[in-house]
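So the structure is just underneath, and the comments pick up after that.
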Amino acid sequence: MQNNFYIYNSLTRTRELFEPLHPPFTGLYVCGPTVYSDAHLGHARPAVTFDLLFRYLSHLGYKVRYVRNITDVGHLEDDSDDGEDKIGKKARLEHLEPMELVQKYMNNFLKNMEQLNTLPPSIEPRASGHIIEQVEMIKKIISAGYAYEVNGSVYFDVPKYNEKFNYGKLSGRVLEELQQNTRSLEGSSEKRSPWDFALWKKATPGHIMKWPAPWSTGFPGWHLECSAMSTKYLGEVFDIHGGGIDLQFPHHECEIAQSTAALGKESVRYWIHNNLITINGQKMARSLGNFITLDRLFSGDHPLLQQAYSPMTIRFFILQAHYRSTVDFSNEALSAAGKGLRRLMKAVAGLGNLKASGDSTLDVAAIRKGFYEAMNDDLNTPLLLSRLFDSIKYINSINEGTDRISSSDLETFRSLFGTFVFGILGLKDETAGRDDEKLTSDLMKIIIDLRQDARSKKEWEVSDHIREELKKSGIILNDTKEGMTWNRE
RNA sequence: GGUCGGUUUACCGAGUGGCUAGGUGGUGGUCUGCAAAACCAUUUACGGCGGUUCGAAUCCGCCACCGACCUCCA
């Protein structure tokens with residue numbers, strides 16, 4: 001199986017030809033959210049980015065197993081030894097059972113992901129459902145000599161690991177330098193080195209989510225779930241691990257250390273990181289309090305929003321930037337994205353009306369090549385979109401008769417657009433397929449006939465009134481040469 | 001302070017040496033009772049200062065500014 005798909009590997013800091021270990025199969029593991037509050041715009045970035053990757057790899061013919069975890073345990077407020085569990089804390093605040101809280105926000109997250117038209121992953125494992133796997137992995141790490149127990153908690157021994165392996169290779173860090181620059185940890189720590197991290201934590205008395213283990217009744221450290229679950233579902237060595245760039249250090253670095261210590265070899269072949277969404281130039285994050293939830297973006301209900309932005313507008317907005325660049329939120333940019341998307345969708349809809357000629361004045365093969373080149377170059381969706389817009393000009397000029405297309409080229413052209421716009425970019429026409437669409441269209445026909453009648457009598461007041469009233473309901477009338485048409489705002 | 005990345009035309013955003021992405025906005029036009037939409041055309045920038053080169057937004061150096069990571073974060 002061959003392809004020309006190049007992807008940027010954070011581990012080597014270069015674009016590499018994607019060559020899976022066991023073609024045509026390939027594995028993709030992506031760090032999912034910690035579900036303790038509603039998903040925000042920042043969560044949409046990796047979701048769309050890796051959905052794009054999933055779709056493209058599938059399109060290229062790979063059988064992709066896409067695993068995205070849900071973190072529902074073990075994620076502490078901070079890295080000190082007494083940080084509270086994020087889930088436990090929020091559950092207390094909302095007066096819910098921790099698992100009830102998890103269910104609530106997981107449901108919301110999955111609903112938002114569906115609205116963004118991301119395909120569901122093949123497996124969505126939860127950390128709490130894989131305690132046994134995590135305990136087993138800790139045992140392996142201990143027996144390999146890279147972890148130690150203190151008062152019922154188990155910590156990964158980073159300095160020892162670093163003697164034989166390279167802790168920091170992914171994020172470009174050198175342990176000795178880290179140690180020089182570290183902020184001193186308060187003396188209460190059980191850790192031998194501030195860079196050690198918890199594999200298992202003994203539960204404090206009030207802690208609700210805890211499980212029995214050889215060392216204590218407690219819970220697993222945050223980094224461990226990804227190592228345990230990726231190994232379980234994708235194997236000891238698998239192709240792609242993705243996530244936000246903010247997870248590169250320490251989370252992914254710790255994952256590498258754990259897996260390498262437990263398995264004696266490195267697990268991940270390609271590390272892929274999406275960049276962040278910023279707002280006023282700063283990272284959007286729950287901890288910074290500058291986030292806008294997806295629900296509010298879709299409804300427009302937020303002081304920073306000048307209007308509502310549809311899920312596809314958000315998706316298009318994200319796709320308009322390259323996944324490794326930061327992208328800054330602004331009403332202007334989102335509104336521009338919405339308009340661009342509408343134009344693209346209208347043009348695609350117009351493909352159905354194109355008429356074939358005996359020959360072609362455009363080079364469909366070259367257009368096709370351009371589309372693939374953009375995607376093969378590290379998922380360059382901005383470039384792909386620019387080429388799609390270039391092709392829109394052809395659609396229009398064929399319609400006007402200044403360009404011609406043969407019937408076989410037309411068939412290729414149509415399927416090409418369908419494949420890239422819907423199949424790979426994962427966009428969809430949000431105006432299509434609503435309930436009562438038939439009824440609406442029948443009613444609109446009656447209204448349009450009435451208005452047309454008024455216009456033919458030059459009753460402009462009546463005709464303008466109809467148009468203005470419909471506009472209030474979000475329906476735009478267009479008087480064109482071919483007759484009156486309508487569409488939703 | 002350390003490490004890494006960025007600074008592109010009004011805004012967003014591609015582009016790792018020559019072929020002047022694209023979207024939005026603006027302007028002009030076609031169409032049109034008016035409007036809107038649609039379409040066509042147009043709008044030529046690369047933080048600063050040096051250097052390499054026949055040629056640099058692209059390579060090198062210095063400086064300025066912004067950000068990410070170094071606690072949790074997608």
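Convention: sequence-line order gives letters A, B, ...; per-chain numbering from 1.
Between Y233(A) and H130(A), the distance separating the two ring centers is shorter than 6.0 angstrom.
The listed nucleotides are G2(B), A36(B), G33(B); the one nearest the side chain of R467(A) is G33(B). Comparing C39(B), U16(B), G2(B) against the side chain of R173(A) picks out G2(B) as the nearest. In this structure, of A21(B), A68(B), A41(B), it is A41(B) that holds the atom nearest to the side chain of K393(A). Distances were taken from every side-chain heavy atom of A336(A) (C-beta onward) to each of C69(B), C72(B), U24(B); the shortest belongs to U24(B). For S287(A), the side-chain atoms get nearest to C72(B) when compared with the rest of C72(B), C11(B), G23(B). Looking at the side chain of R451(A), the nearest of the listed nucleotides C73(B), C12(B), G33(B) is G33(B).
Between the base of G33(B) and the side chain of R455(A) there is a donor-acceptor pair shorter than 3.5 Å. Side chain K86(A) to base C72(B): no donor-acceptor pair is found below 3.5 Å. Put simply, the side chain of R387(A) and the base of A21(B) share no donor and acceptor less than 3.5 Å apart. Not a single donor-acceptor contact under 3.5 angstrom links the side-chain atoms of D328(A) to the base of G13(B).
When heavy atoms are screened at a 4.0 angstrom cut-off, V327(A) is found touching the sugar-phosphate backbone but no base atom. Residue L288(A) is classed as having no contact, given no heavy-atom separation below 4.0 Å to the nucleic acid. G42(A) comes within contact range of at least one nucleobase, with a heavy-atom separation under 4.0 Å. Using a 4.0 Å heavy-atom distance criterion, L477(A) is classed as a base contact. Within the 4.0 angstrom heavy-atom criterion, no nucleotide atom of any strand lies near L334(A). At a threshold of 4.0 angstrom between heavy atoms, the contacts of T49(A) with the nucleic acid are absent. At a threshold of 4.0 angstrom between heavy atoms, the contacts of Q282(A) are confined to the sugar-phosphate backbone, with no base atom among them. Residue A321(A) is in sugar-phosphate contact alone, with no base atom involved, counting any heavy-atom pair closer than 4.0 Å across all strands shown.
Listed pair W195(A) / C70(B) fails the phosphate criterion, with no side-chain N or O lying under 4.0 Å from OP1 or OP2. Here S463(A) does not reach the OP1 or OP2 of C34(B): none of its side-chain N or O atoms lies under 4.0 Å away. Side-chain N/O atoms of R343(A) include one lying less than 4.0 angstrom from OP1 or OP2 on G23(B). Put simply, N380(A) has a side-chain N or O that comes within less than 4.0 Å of OP1 or OP2 on G15(B). The phosphate of G25(B) has OP1 or OP2 within less than 4.0 Å of a side-chain N or O from K339(A). Between C40(B) and N396(A), a contact under 4.0 Å exists linking OP1 or OP2 to a side-chain N or O.
Comparing C11(B) with G5(B), their C1' atoms are spaced 23 Å from each other, to the whole Å. Here, G1(B) and G15(B) have their C1' atoms 35 Å apart, quoted to the whole Å. Here, A68(B) and U30(B) have their C1' atoms 49 Å apart, quoted to the whole Å. Rounded to whole Å, the separation between the C1' atoms of G47(B) and C66(B) comes to 11 Å. Nucleotides G22(B) and A14(B), compared at atom P, are 15 Å apart to the nearest Å. With P as the reference atom, C59(B) and G23(B) are 27 Å apart, rounded to whole Å. Remark: the separation of the P atoms in U7(B) and G48(B) is 13 Å, to the nearest Å. Nucleotides C63(B) and A10(B) place their P atoms 29 Å apart, quoted to the nearest Å.
Under 3.5 Å, the side chains of S325(A) and N275(A) contain no donor-acceptor pair of N or O atoms. The closest side-chain donor-acceptor pair between Q452(A) and D449(A), if any, does not fall under 3.5 angstrom.
Between D363(A) and K369(A) there is no salt bridge, since no side-chain nitrogen of the basic residue lies less than 4.0 Å from a carboxylate oxygen of the acidic one. Contact check on D377(A) versus R15(A) returns a salt bridge, with a Lys/Arg side-chain nitrogen under 4.0 Å from an Asp/Glu carboxylate oxygen. A salt bridge between R387(A) and D390(A) is absent, with no side-chain N of the basic residue lying under 4.0 Å from a carboxylate O of the acidic one. A salt bridge is defined here as a Lys NZ or Arg NE, NH1 or NH2 lying under 4.0 Å from an Asp or Glu carboxylate O, and D38(A) with R296(A) fails to meet this definition.
Computed from coordinates, the L276(A) CG to G67(B) C1' distance equals 10 Å when rounded to whole Å. Atom CG of N275(A) is separated from atom C1' of C66(B) by 13 Å (rounded to the nearest Å). If you measure from atom OH of Y36(A) to atom P of A74(B), you get 6 Å, rounded to the nearest angstrom. In this structure, CG of L247(A) is placed 11 Å from P of C72(B), rounded to the nearest angstrom. What separates NZ of K283(A) from C1' of C73(B) is a distance of 5 Å, to the nearest Å. Whole-Å rounding puts the R342(A) CZ to G22(B) C1' distance at 18 Å. Atom pair K346(A):NZ and A36(B):P shows a separation of 14 Å (rounding to whole Å applied). Following rounding to the nearest Å, L341(A) (CG) and U24(B) (C1') show an atom-to-atom distance of 13 Å.
Both tests do not hold together for R68(A) against F50(A): distance to the six-membered ring centre under 6.0 Å, angle to the ring axis within 45°. Judged by a 6.0 Å distance limit and a 45° cone about the ring axis, R286(A) is positioned over the six-membered ring of Y36(A).
A stacked arrangement is assigned to W460(A) and the six-membered base ring of G33(B), with a centre-to-centre distance below 5.5 Å and an interplanar angle below 30°.
Along RNA chain B, the nucleotide nearest H322(A) and the nucleotide nearest P250(A) are compared for position; the residue whose nucleotide lies closer to the 5' end is H322(A). For the pair D390(A) and I245(A), nearest-nucleotide mapping onto RNA chain B gives the more 5' position to D390(A).
For RNA chain B, if you chain together Watson-Crick or G-U pairs that step i with j, i+1 with j-1 and so on, the runs of at least three with distances under 3.5 Å are B:1-7 with B:64-70, B:10-12 with B:22-24, B:25-30 with B:38-43, B:47-51 with B:59-63.
The closest side-chain heavy-atom distance from C31(A) to H241(A) is below 4.5 Å.
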Intermediate values then yes/no, side chain to side chain donor-acceptor pair (under 3.5 Å), E255(A) and H251(A): CA-CA 6 Å; E255(A) 273 188 62; H251(A) 184 55; 3.3 Å; yes

